[in-house]
Protein chains: 2
Amino acid sequence: MSLPPRKGRPTQVDIARRAGVSQATVSLVISGGAVSDQVAESTRQAVLAAAAELGYTANVAARRLRGKRNHLLGVYTFEPVFPVDQRDFYYPFLVGVEEATAALGYDLLLFSSVTSAADRSIYAGGVNRLRIADGCVLLGRNVRRDELAALVREDFPFVFLGRRELPDGELSYVAADYVTATSDMVTTLAGHGHERILYLRAIEDTEPTLDREAGYRQGLATAGLPVDESLIQALADPAELTAEHLEHWIARYGVTAVLIEPTEDTRLTSALDAIAATARIRFPQDCSIALLGDPPSWTPERPDWTRFSLPRVEMGREAARMLIDLLEGRQDAPQHRSLRCSFVTGDSIGPAPSAGPS
Amino acid sequence: MSLPPRKGRPTQVDIARRAGVSQATVSLVISGGAVSDQVAESTRQAVLAAAAELGYTANVAARRLRGKRNHLLGVYTFEPVFPVDQRDFYYPFLVGVEEATAALGYDLLLFSSVTSAADRSIYAGGVNRLRIADGCVLLGRNVRRDELAALVREDFPFVFLGRRELPDGELSYVAADYVTATSDMVTTLAGHGHERILYLRAIEDTEPTLDREAGYRQGLATAGLPVDESLIQALADPAELTAEHLEHWIARYGVTAVLIEPTEDTRLTSALDAIAATARIRFPQDCSIALLGDPPSWTPERPDWTRFSLPRVEMGREAARMLIDLLEGRQDAPQHRSLRCSFVTGDSIGPAPSAGPS
DNA sequence: AGTTGATCTTAATACGTATTAATAACTCCG
DNA sequence: CGGAGTTATTAATACGTATTAAGATCAACT
């Protein structure tokens, strides 16, 4: 009766032995597949009883091996540190990813060891650790294109948070619609009478920057304003931005409004704060300022910058959903989606000064 | 050359085919077992090259089934929602766990997927999905003891964040030293001349509450004060706490100071705020108040409550470290560790009122 | 009685890996 | 040249589950 197969955890074989049936039958009863209701009620009861007596719980590893799916979604960042800090620019993305992932029955794997290692590469040690997960959400500004390309080549399922393009392969992404948001910002300024709008862009040609520039041009076109190439300026280091600098643009080029890409650190906002502190230029009386994105963190934003804001949490959710759609075969081609940014009124733009003295 | 076995994720068989060896050889090279150095250098290189080209990573489930580890640490919470929100009481624990986990070269698996209904369960669906990880950090207030016991029984490696005891088995935990912290708070109050200190405790006999009560008694003993059992009161719902209530205690029992366990939601602090708003009792002039723990952080802490604060981030780190020690065999017996709380001066305690009217 | 069906159960297999025992190839040496 | 010893590789197997195809049993109907 009570044969002692007490070695480790009870398995379906143990149950089978005890109930006098085969392992297959046990599996049918336990996991209740399609053919499950063909099992006679008496045997079903016997199996369940035996399972209960032995305290059986199914082995996840075996199930997932069999099911060819780990039900794990990965998150990897190209940033130097994993965005668990609430003030991190990327943190809200993570929150969104987690939310959708959990809701869809997957667990979330944070590839933070890879991130924190000295040799921080997806392929550290020659292996693609991301493959542990069924698929992966990637994020971060300074992407390693070679690694992205490698992932595409071995067609590992992933979704990038932010638009990224590769010369050869296509990849899936969920992006913020920088083009429309920037364009709208320009037309809003134009509506306030601004005609000389300076656009300070990042120096690298990353997609987010390219999109903003495209939006800038599009907005000017919509507003019927000419594009003055000299009003598009690259800013290597936002710390460069000083009151003198700005006065120069206002006096020399007749600039009345400035669009700036915020950085993910505090350099830009500190620079702006510094300028405001000098009181040589008043925002928005002397010059309107709008940020093309979110300033870092939700620090006490004393000056309430006029800006647009990325739906970061929703982008995270959408990325997870998209990835799971890919994994479960509801989609296959690379997917692209752009989400609208929201406009934050703020108080740093106003009507254009009516021409004026320096 | 480039045969197209492009189906899903590459396996050792795929590598073997490509490198012209057997699967066994691949396994030897990859996982580097004991016999691993018998492999000829040339074949080793061939295998590694093939693996790199295919972007191979060992299948977690298969390794787990085989009884192997994957450098994966899990986190599971008994709370209804995973603490990714920065304002969540449990959030700092998560940050600490992530930090230490990454630093020690492990990746972090968040078991956030909620399979079915309201009550979270480790064994939902008759599976212990935690086992896909090497070990797990558990947290949450309303623990399911039966599941904890089951985990102990199947000796799955885990560490609880907070002291938890089970009738039968032993488990490892990292806790806050509530006893000492509460005791110190009592002696501090005694130093201010308080002799009648009311202790409002949670109604359930959970370990954190038991520890605080022990600390209360110990503190009184240290201060040479008698324990009046009627000054130990259970508070079912913190919302019960009203000005009338408190006045009653002050007038009838000569209470001059109150110790309260904060809840993880805002009920307690709102109740206190409400009392302060009535202006019928002034803190600390009429009565000193000290919190035995951290109030929830989704309130701007206008009144700066005197309290002690748990080293939550450090507790998280310590839990991860402890778990990894267990996994890597540096420890085996269940480990217990208590970390000191820090004292937050605040402004809600003061000298005892010199006896008094009404 | 033999064919067909219906109902229940099980043998066989695959999932991907790690390991043990066995084989093959090669060297050494009398 | 044949046996012993060494070295490099592989066949076979186990881990625990889910599923498919096949088998067994019995009832019903021609």
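Note that this is a predicted model, so its numbers are computed, not measured. The sequence lines fix the lettering, A, B, ..., with proteins before strands; numbering per chain opens at 1.
With rounding to whole Å, A/Q38 atom CD is found 12 Å from D/dA21 atom C1'. For A/L65 and D/dA14, the CG to C1' distance is 12 Å, given to the nearest whole Å. The distance between atom CG of A/N70 and atom P of C/dC15, rounded to the nearest whole Å, is 15 Å. Atom CZ of B/R64 and atom C1' of D/dA14 are 17 Å apart (whole Å). Atoms CG (A/D134) and P (C/dC15) sit 17 Å apart, rounded to a whole Å. Rounding to whole angstrom units, CD1 of residue A/I30 and P of C/dT9 are separated by 15 Å. Whole-Å rounding puts the B/R17 CZ to C/dG16 P distance at 11 Å. Spacing between atom CG of A/N59 and atom C1' of C/dG16 amounts to 14 Å, rounded to whole angstrom units.
Applying the 4.0 Å criterion to OP1 and OP2 of C/dT17, one finds that B/S27 has every side-chain N and O outside that range. Listed pair B/K68 / D/dC15 fails the phosphate criterion, with no side-chain N or O lying under 4.0 Å from OP1 or OP2. Taking only side-chain nitrogens and oxygens, A/R63 comes nearer than 4.0 Å to OP1 or OP2 of D/dA18. Taking 4.0 angstrom as the limit, A/T25 places a side-chain polar atom (N or O) nearer than this to OP1 or OP2 of C/dT10. OP1 and OP2 of D/dG16 both lie 4.0 Å or more from every side-chain N or O belonging to A/T11.
Among the protein residues, B/A40 comes within range of the sugar-phosphate backbone only, with heavy atoms under 4.0 Å from sugar or phosphate atoms but none that close to a base. B/A58 comes within 4.0 angstrom of sugar-phosphate atoms only, judged by non-hydrogen atoms across all strands, and of no base. Using a 4.0 Å heavy-atom distance criterion, A/V39 is classed as a sugar-phosphate-only contact. Looking at heavy-atom distances under 4.0 Å, B/V21 makes contact with sugar-phosphate atoms alone, never a base.
In the interface, the side chain of B/Q12 is not paired with the base of C/dA18 through any donor and acceptor atom under 3.5 Å apart. If you check distances only, the side chain of A/Q23 never reaches the base of C/dA11 with a donor-acceptor pair under 3.5 Å.
Using cut-offs of 30° and 60° for the angle between ring planes, the B/F78 and B/Y76 rings count as perpendicular.
Side-chain atoms of A/T43 lie closest to C/dT9 of the nucleotides C/dT9, D/dA11, D/dT17. Listed nucleotides: C/dT19, D/dT17, D/dA18. Nearest to the side chain of A/S31: D/dA18. Closest contact between the side chain of B/L28 and the listed nucleotides D/dT10, D/dG16, C/dT17 involves D/dT10.
Side-chain atoms of A/E79 come within 3.5 Å of backbone N or O of A/R141 as a donor-acceptor pair. Between the side chain of B/R9 and the main chain of A/R131, a donor-acceptor pair closer than 3.5 Å is present.
Salt-bridge check for A/R145 with A/E207: passed, with a basic side-chain N closer than 4.0 Å to an acidic carboxylate O.
Side chains of B/R63 and B/S31: a donor-acceptor N/O pair is absent below 3.5 angstrom, by distance only. Side chains of A/D107 and B/S113: a donor on one and an acceptor on the other come within 3.5 Å.
Residue-to-nucleotide proximity on DNA chain D shows that, of B/R44 and B/R66, the 5′-proximal contact is made by B/R44.
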